[in-house]
Amino acid sequence: MTKSAQDGERQWFISGRWQEYEGESRANLLRVGGIAGFYLVELFNRAAVPPEFHHAVTALAAGWVMAAWAVHMCLRRRVFPAAMKYLSTGADLLLFTALLLLADGPRSPLIAGYFFILCLSALRFSTGLVRFASFGALASYLFVAGQAARVRPALAVGRNHELIVLLSLALCGVTLGQLLRRVRALAEDYARRREEAR
Amino acid sequence: MTPLDLCPGCQAPHGPDEAICWMCGHKFWKEPNAPRAAAAPEERAEPAPAVPPPPIARPGRRPFAAPPSAAAVEASARESAAALDRWTQPVLLVSFFLVLGGVAFSDKASGGGLLLLGLVPALFLLALSGMRPSTKKPETGMEWAAWVASKVAGAIAIIVLAGLAITAALFIACAVILAALGLWK
């Protein structure tokens, strides 16, 4: 690789890190907004759920907000390892799956939250993270569906239902990955046109 | 506040004790930092405004105290803003958990108490931040929206706090009067 190509890769890496930093901050803000929104829905629905479920969901929401606060403190104190995006997305998947296991599992409308986590992963402009979030969401959904089939058969869904959700998650991950791949081509085309216009 | 050093690779600010850039991984012992004079714009200290000369006291009269200079007022406002920022996060965190506890245990009597205990400091902070004068004029639509939201939230917080204070004062006054009349049960 020539020196100019190496410089170009280095500058692309630095730009990517800055966008990743900004994206992590925005994703954290959206994460807290999402937790607040879903918890408000839970509050409106409180009369229809047992008190133990409500307490468990409250504890889960509190733990999730603590995780978001920890991410916020790391970003403010300039602690920003490359693995942070994987840790925060992994925590999202883990806590969301725990929420589904408490709720109605594969029958719960909360399944749509996996797509929200996938979209959040794209904010960090990392195809590796989108891949991680996609496989993580697929594995989490399989775990939830499997748990319902074995332990709570009344909540299990049909095979076609499971396949449609899995296919939708996979396609969403692939589309987000393609979007990120187009970003570099867009940036290079823009830089070339600016250079030609001078 | 001393200006931070900037990484020569990515211009990210970093402290003097850091060996590797937290943003791009640049190793500082291989290439020195950008000079301190080229600090980030938000870290650059603004030049102090000119201090007006003190007023001349008339002979035979006691000299009156000069009004505080604009720089002193500005410094005082910054100090109080920094103090508010320092306390905001821990207080909001504690408030959040108290409110969550209040909501979670709202079927018990203690739930209402926890809710109130959690809401009051959060409302107080909202009221303070809403009353704080802005140091920078909003420029973009988002900044204007944030400014309006902070003012509206501050106003609502003040109204709610005033209502709570008046209610508490009336309750205490009624309790004292009833107790004095021997009617408190």
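In what follows, chains carry the letters A, B, and so on, assigned in the order in which the sequence lines appear, proteins first and then strands, with residues in each chain numbered from 1. Atom set for the values below is all heavy atoms of this structure, side chains included, hydrogens, waters and symmetry mates excluded. Just so we're clear, the structure is a prediction, and the values are computed from it rather than from any experiment.
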Requested in this report: Measure distances from A:Val57 to the heavy atoms of chain B and classify the residue's part below 4.5 Å as side chain, backbone, both or neither.
Outcome: neither

**Report entry** Atom group of A:Phe80 that falls short of 4.5 Å from chain B, counting heavy atoms
**Finding:**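 For A:Phe80, backbone and side chain are both near chain B.
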
Query raised in the report: Is there a donor-acceptor pair closer than 3.5 Å between any side-chain N or O of A:Arg17 and the backbone N or O of B:Trp22?
Result: yes

Query raised in the report: Would A:Val151 and A:Phe143 show up in the same hydrophobic cluster when neighbours are defined by side-chain heavy atoms closer than 4.5 Å?
Result: no

Query raised in the report: Linking I/L/V/M/F/W/Y whenever any side-chain heavy atoms sit under 4.5 Å apart, do A:Val130 and A:Leu167 land together?
Result: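 The answer is no; the residues belong to distinct hydrophobic clusters.
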
Report summary line: Rounded to the nearest 0.5 Å, the CH2 atom of A:Trp18 sits from the CE atom of B:Met23 at a distance of 4.0 Å

Query raised in the report: Could you state the interatomic distance from OH (A:Tyr21) to SG (B:Cys10), rounded to the nearest 0.5 Å?
Result: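 Here the interatomic distance stands at 11.5 Å.
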
Requested in this report: Starting from the C-alpha separation in whole Å, work towards a yes-or-no answer on side-chain contact (heavy atoms from CB on, under 4.5 Å) for B:Phe97 and A:Met66.
Outcome: CA-CA 10 Å; B:Phe97 281 108; A:Met66 282 298 294; 3.4 Å; yes

Flag yes if more than 12 heavy atoms outside [X] fall under 6.0 Å of its [atom1] atom; otherwise flag no.
X        : atom1 : value
A:Arg181 : CZ    : no
A:Phe135 : CZ    : no
A:Arg182 : CZ    : no

**Report entry** Minimum-distance pair of heavy atoms, taken over all atoms of B:Gly9 and A:Ile14
**Finding:** O-CD1, 3.5 Å

Query raised in the report: Sequence neighbours excluded, which residues qualify as side-chain hydrogen bond (donor to acceptor under 3.5 Å, both in side chains) partners of A:Arg26?
Result: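 A:Arg26: side-chain hydrogen bond (donor to acceptor under 3.5 Å, both in side chains) contacts with A:Glu22.
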
